Amino acid sequence: MALVVTSYIHLKIKARMPHNHPTLINKRVLLGITGGIAAYKTPDLVRKLAELGAQVRIVMSRGAEQFVTPLALQAVSGHIPHNAQMTAESESGMGHIDLARWADIVLIAPATANFIAQLNQGSGHDLLTTVCLATTASVVVSPAMNQQMWKNSTTAENVASLIERGVAFLGPDSGEQACGDVGPGRMLQPQDLAQQLAGLFQTRELEGKHVMLTAGPTWEAIDPVRGITNHSSGKMGYALAEAAAEAGAHVTLVSGPTSLTAPVNVKTIHVRSAAEMHAAVFADIAEQDIFIGVAAVADYRPVDSSDQKIKKNHDEMTILMTKNPDILADVAALKKPPFCVGFAAETNDVETYARAKLERKKLDLIVANHVGGSETGFGSDDNIITLITSSSKQDLPRASKSQLARHIVSRVAELST
Ligand code: PMT
């Protein structure tokens with residue numbers, strides 16, 4: 001079943017894994033376990049998710065602990081599972097809002113008929129249901145129950161209503177059940193469930209498109225050991241490159257200096273200065289359908305960069321600077337420009353400044369980045385953004401850069417086709 005996204009968003013990989021195989025690398029999976037016999041399979045499920053590259057955190061319902069021990073789950077996940085009784089400690093460590101924000105995807109496995117009913121009602125009576133209410137991530141349900149309970153008309157209505165609202169269902173499987181019945185209601189096997197979950201990220205929204213991005217800071221050398229740069233970590237641009245590749249695009253990432261690992265399935269070109277970034281972009285821009293400028297490009301560079309380390313011989317020093325080329329504006333000014341997306345990091349009057357950049361640089365879409373807070377923007381894992389075109393505006397709440405990247409990719413796919 002395809003992942004339907006209505007709310008806006010929806011360990012290391014084994015070296016032998018083929019590159020086009022869906023993975024969960026860099027994905028944060030919040031596994032919610034409810035009280036059914038299939039819960040005994042969840043330690044294996046955690047291992048299978050981790051083998052595909054996922055980071056896994058666990059929330060157990062009160063009933064789940066009757067079927068699987070928190071200790072077993074802690075051993076395989078490396079983290080203490082969160083349980084129904086929220087303590088002051090769990091709240092100060094990672095409370096329900098932090099957990100809800102942390103997740104790229106929330107997988108409920110096994111999900112009982114009772115949990116499905118609660119989810120449909122919007123109940124927030126324990127940690128797991130509260131996290132489901134508070135998250136902007138996609139919620140995926142893997143049901144496990146007696147075949148008659150699955151066929152029950154109330155359950156069927158709950159499932160239909162949740163699907164309508166964007167919740168995805170994986171399974172159930174059919175076969176012999178723990179109670180002796182035969183029919184639909186078995187939880188998918190952990191291996192299949194992990195693979196199908198990874199497959200949900202492969203949206204195909206940009207299938208076959210050529211997408212180029214810039215990311216990270218630039219480094220404008222003053223001498224061999226000093227330079228002018230900024231606090232961009234590259235996280236937003238790398239997350240977008242990854243999301244575009246998952247959406248089926250051929251992705252070229254032109255990256256300034258960062259400490260990040262190049263995303264899989266992405267051609268990554270490393271550069272240092274704005275001039276190098278400009279040259280790398282223009283070497284291949286004619287092939288691109290979409291261009292996304294995420295990099296924090298230095299506006300100016302020193303006119304002269306010394307070949308040797310400058311000595312401290314003077315009390316004062318003046319560095320004459322000259323303007324760098326505007327990569328994004330130059331791309332948008334091409335005779336046949338690709339679909340052009342810019343970013344605008346602003347602390348105040350965010351929309352006004354972003355709109356001005358949209359118009360001045362002749363862009364199709366601008367992502368206004370609210371960088372006033374300490375936990376969003378440059379260097380952080382989260383962002384707060386507004387998507388602006390000449391005729392539309394969409395505010396997105398604070399979320400992880402990877403969640404936002406998937407949303408931006410969906411919007412670009414909508415607007416560019
Ligand atoms: O890397 P992170 O730590 O994750 O942080 C992400 C980010 C905050 C750097 C990113 O989300 C962001 O907002 N990048 C744009 C920063 C900015 O405000 O750039 P600007 O206003 O100087 O430029 C506007 C647009 O023109 C940007 O798309 C920029 O890439 C592009 N530009 C600017 C100057 C220039 N010489 N060439 C360009 O292509």
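Just so you know, these numbers come straight off a predicted model, no measurement behind them. Just so you know, ligand 1 is whichever comes first in the structure, and atom 1 is the first atom listed for that ligand.
Between E287 and H250 the shortest side-chain heavy-atom distance does not fall below 4.5 Å. Counting only heavy atoms from C-beta outward, the side chains of R47 and V76 approach each other to under 4.5 Å. Here the side chains of T218 and S273 are not in contact, with every heavy-atom distance at 4.5 Å or above. When side chains are defined from C-beta on, F339 does not count as touching I292, because their heavy atoms never get closer than 4.5 Å. Looking at heavy atoms from C-beta onward, F201 lies out of side-chain contact with P22 at the 4.5 angstrom threshold.
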Candidate pair E346 and K357, rule salt bridge (Lys or Arg N to Asp or Glu O under 4.0 Å), full reasoning:
CA-CA 11 Å; E346 307 290 350; K357 282 180 193 171; 2.8 Å; yes

D44/K41 under salt bridge (Lys or Arg N to Asp or Glu O under 4.0 Å): CA gap, chis, key distance, verdict:
CA-CA 6 Å; D44 191 25; K41 295 181 184 173; over 6 Å; no

Applying salt bridge (Lys or Arg N to Asp or Glu O under 4.0 Å) to K361 and D326, what does each step give before you reach the verdict?
CA-CA 9 Å; K361 300 197 186 200; D326 191 317; 2.6 Å; yes

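In terms of protein heavy-atom proximity, atom 39 (O) of ligand 1 is nearest to L328 N, 2.9 Å. Here the heavy atom of the protein found nearest to atom 37 (N) of ligand 1 is I327 N, 3.1 Å. The protein heavy atom nearest to atom 14 (N) of ligand 1 is V294 O, 2.9 Å. Of the protein's non-hydrogen atoms, D326 OD1, 3.4 Å is the one closest to atom 38 (C) of ligand 1. K361 NZ, 3.5 Å is the protein heavy atom nearest to atom 33 (C) of ligand 1. What sits closest to atom 22 (O) of ligand 1 on the protein, heavy atoms only, is D299 OD1, 4.1 Å. What sits closest to atom 34 (C) of ligand 1 on the protein, heavy atoms only, is V297 CB, 3.8 Å. For atom 6 (C) of ligand 1, the nearest non-hydrogen atom of the protein is M236 CB, 3.7 Å.
Atom numbering of ligand 1 starts at 1 in the shown order; those under 4.0 Å from a heavy atom of K357 are 18 (O), 20 (P), 21 (O), 24 (C). When each atom of ligand 1 is checked for a heavy atom of K235 under 4.0 Å away, the hits are 1 (O), 2 (P), 4 (O). Under a 4.0 Å criterion applied to the non-hydrogen atoms of G379, ligand 1 contributes the atoms 2 (P), 3 (O). Distances below 4.0 Å separate heavy atoms of K401 from the following atoms of ligand 1: 2 (P), 3 (O), 4 (O), 5 (O). Every atom of ligand 1 with a heavy atom of G342 under 4.0 Å away is listed here by number and element: 28 (O).
When all heavy atoms of A368 and I388 are compared, the pair lying nearest together is CB-CD1, 4.1 Å.
Annotation: A298 places no N or O atom under 3.5 Å from an N or O atom of ligand 1; distance criterion only. Residue contacts with ligand 1: G237 is placed with no nitrogen or oxygen under 3.5 Å of a nitrogen or oxygen of the ligand (distance criterion only). At a 3.5 angstrom cut-off on N or O pairs, S232 counts as close to ligand 1. For ligand 1, the polar-atom distance check against S233 finds a nitrogen or oxygen pair separated by under 3.5 Å. At least one N or O atom of G293, backbone or side chain, sits closer than 3.5 Å to an N or O atom of ligand 1. Ligand 1 has an N or O atom lying under 3.5 Å from an N or O atom of G234, backbone or side chain. Here's the thing with N369: one of its N/O atoms is less than 3.5 angstrom from an N/O atom of ligand 1.
Within 6.0 Å of CZ in R355 there are more than 12 heavy atoms belonging to other residues, nucleotides or ligands. Counting heavy-atom neighbours within 6.0 Å of H314 NE2, excluding the residue itself, gives a total of 12 or less.
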Under 3.5 Å, sequence neighbours excluded: what are the donor-acceptor pairs made by side chains of residues 233-243?
unit_1 : atom_1 : unit_2 : atom_2 : d
S233   : OG     : K235   : N      : 3.2
K235   : NZ     : G379   : O      : 2.9
K235   : NZ     : D381   : OD1    : 2.9
Y238   : OH     : S255   : OG     : 2.7
Y238   : OH     : T258   : OG1    : 3.3
E242   : OE1    : N26    : ND2    : 2.8
E242   : OE2    : K27    : NZ     : 3.4

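Ligand 1 lies nowhere less than 4.0 angstrom from a heavy atom belonging to N324.
Closest to atom 17 (C) of ligand 1 by heavy atom, among C340, A345, A295, S380, is A345. Nearest to atom 24 (C) of ligand 1 by heavy-atom distance, out of F343, F291, F378, is F343.
A ring pair (Phe, Tyr, Trp, His ring centres under 6.0 Å) check over residues 31-69, counting only residues at least two apart or in different chains, returns nothing.
In P325, the part holding a heavy atom less than 4.0 Å from any atom of ligand 1 is the backbone.
To the nearest 0.5 angstrom, I58 atom CD1 is 8.5 Å from L45 atom CG.
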